[in-house]
Visitor: 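Before I ask anything, let me first share the structure, which is written out below as structure tokens.
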Amino acid sequence: MTGVTPNRSLPFSQNLLAQLHGGDTARVSLQDLLDGVKTHARATLMILFSLPNLVPSVPGMSAITGLPLLYLALQMMMGNPVWLPKFIAGRSFLRSDLLRIITRLLPYLQRVERVLQPRHLILSRPKVVQLIGLVCVVLSTLIALPIPLGNFLPAVAIILFSLGTLESDGLFIMAGFATSVASVLFITIFYWGVIVAVLRMMGHAA
């Protein structure tokens, strides 16, 4: 992949498209993406790895994206720089799949970008960012696990956190915390209902 130096004067979505259009190979590895992102690498990669989980028509994406998200979140929690081990960095996507996903979601990203702005800066402090990393560890685990319906809300929360830290927007960070709580509650209530239904069926069968 031919790296494209991000232009921070461009919106995030345009920089992301530039990264994907910047190569001539059929597949793009996670290391290619990491090498191509020179500024705000963690937030950019976490958004990129979360976006496929918003599109249910792409099979198996949660298994591919969940593990790198978990590594990035752990490093965020510990305040460490961005790094991916070789067995994760070597994973790759079809470039056409990523471009299709980004193009499909581009109008929504552009709407979000219009309202992003630095505010409530206390939520962008390093200790808060480390707390966000801890929450993202939980969210990334939910994405990585083969839980039906369990990846959408966690992915939304990670995207909100990442956009908030990318532009120091505390409002988006607060929305990320709220969505994180909602995602855990949804999964807990959903599977509690499934467990209760199975126990009732077993009771009737007995």
Side-chain angles (χ1 to χ4, degrees), residues 27 29-30 33 42-43 45-78 84-85 87-94 96-109 111-112 128-165 171-206:
R27 301 188 71 86
S29 72
L30 302 186
L33 294 170
R42 179 182 287 110
L45 291 177
M46 289 182 78
I47 293 170
L48 181 60
F49 298 154
S50 297
L51 285 174
N53 295 286
L54 305 184
V55 184
S57 60
V58 180
M61 276 293 185
S62 62
I64 298 174
T65 59
L67 197 54
L69 276 171
L70 181 57
Y71 265 83
L72 291 167
L74 283 168
Q75 292 163 9
M76 186 180 189
M77 180 184 71
M78 294 183 290
L84 291 175
F87 77 96
I88 294 179
R91 293 187 178 194
S92 64
F93 304 88
L94 278 172
S96 57
D97 283 347
L98 282 178
L99 282 169
R100 186 175 69 252
I101 293 167
I102 300 303
T103 302
R104 181 174 174 180
L105 297 173
L106 188 61
Y108 304 100
L109 283 173
R111 289 175 193 169
V112 167
V128 179
V129 172
Q130 287 184 271
L131 175 60
I132 292 170
L134 174 60
V135 176
C136 286
V137 167
V138 176
L139 298 171
S140 301
T141 302
L142 293 176
I143 290 174
L145 293 174
I147 302 175
L149 305 177
N151 58 341
F152 181 83
L153 280 176
V156 170
I158 291 175
I159 290 171
L160 289 170
F161 280 136
S162 300
L163 288 170
T165 56
L171 189 60
F172 272 73
I173 291 172
M174 287 188 284
F177 280 116
T179 308
S180 300
V181 173
S183 64
V184 172
L185 285 176
F186 171 79
I187 293 171
T188 301
I189 293 171
F190 178 82
Y191 280 96
W192 177 252
V194 170
I195 291 170
V196 169
V198 169
L199 290 176
R200 286 178 177 174
M201 290 175 60
M202 291 174 64
H204 287 307

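This structure is a prediction, so every number in the text was calculated from the model and none was measured.
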Visitor: Given the rule in the side-chain contact (heavy atoms from CB on, under 4.5 Å) test, do F172 and V112 qualify, once you have shown the distances and angles that lead to the verdict?
Guide: CA-CA 10 Å; F172 272 73; V112 167; 3.4 Å; yes
Visitor: Would you say that more than 12 heavy atoms from the other residues, nucleotides or ligands in this model lie under 6.0 Å from the OH of Y191, or not?
Guide: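 Result for OH/Y191: enclosed.
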Visitor: State which residues pass side chain to side chain contact (heavy atoms under 4.5 Å, CB included) with L134; sequence neighbours excluded, sorted by chain then number.
Guide: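 Listed in chain order: M77, L131.
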Visitor: Return the CG to CZ distance between L51 and R104, rounded to the nearest 0.5 Å.
Guide: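 CZ of R104 is found 12.0 Å from CG of L51.
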Visitor: Taking side chain to side chain contact (heavy atoms under 4.5 Å, CB included) as the definition, give me every residue that meets it alongside V184, ordered by chain and number, with sequence neighbours left out.
Guide: L142, T188
Visitor: Going by atom type alone, with no hydrogens or angles, which donor-acceptor pairs under 3.5 Å involve a side-chain atom of residues 68-76 and a protein atom two or more places apart or on another chain?
Guide:
from : atom 1 : to  : atom 2 : distance (Å)
Q75  : OE1    : W83 : N      : 3.0
Q75  : NE2    : W83 : O      : 2.4

Visitor: In chain order, what residues pass the side chain to side chain contact (heavy atoms under 4.5 Å, CB included) check against A144, with sequence neighbours excluded?
Guide: none
Visitor: Going by the rule side chain to side chain contact (heavy atoms under 4.5 Å, CB included), which residues pair with V194 if we only count those two or more places apart in sequence or in a different chain?
Guide: F190, V198
Visitor: Could you pull out every donor-acceptor pair under 3.5 Å between side chains of residues 146-164 and any protein atom, sequence neighbours left out?
Guide:
from : atom 1 : to   : atom 2 : distance (Å)
N151 : ND2    : N53  : OD1    : 3.3
S162 : OG     : I158 : O      : 2.8

Visitor: Report yes if the side chains of F177 and I132 come closer than 4.5 Å at any heavy-atom pair, otherwise no.
Guide: yes
Visitor: Mind jotting down which residue pairs meet the side-chain hydrogen bond (donor to acceptor under 3.5 Å, both in side chains) criterion with at least one end in residues 130-142? Sequence neighbours excluded, please.
Guide: none
Visitor: What are the two closest non-hydrogen atoms of S180 and S183, and how far apart are they?
Guide: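 In terms of heavy atoms, the two residues are closest at O-OG, 2.7 Å.
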Visitor: I102 vs L48, test: side-chain contact (heavy atoms from CB on, under 4.5 Å). Steps then yes/no.
Guide: CA-CA 9 Å; I102 300 303; L48 181 60; 4.1 Å; yes
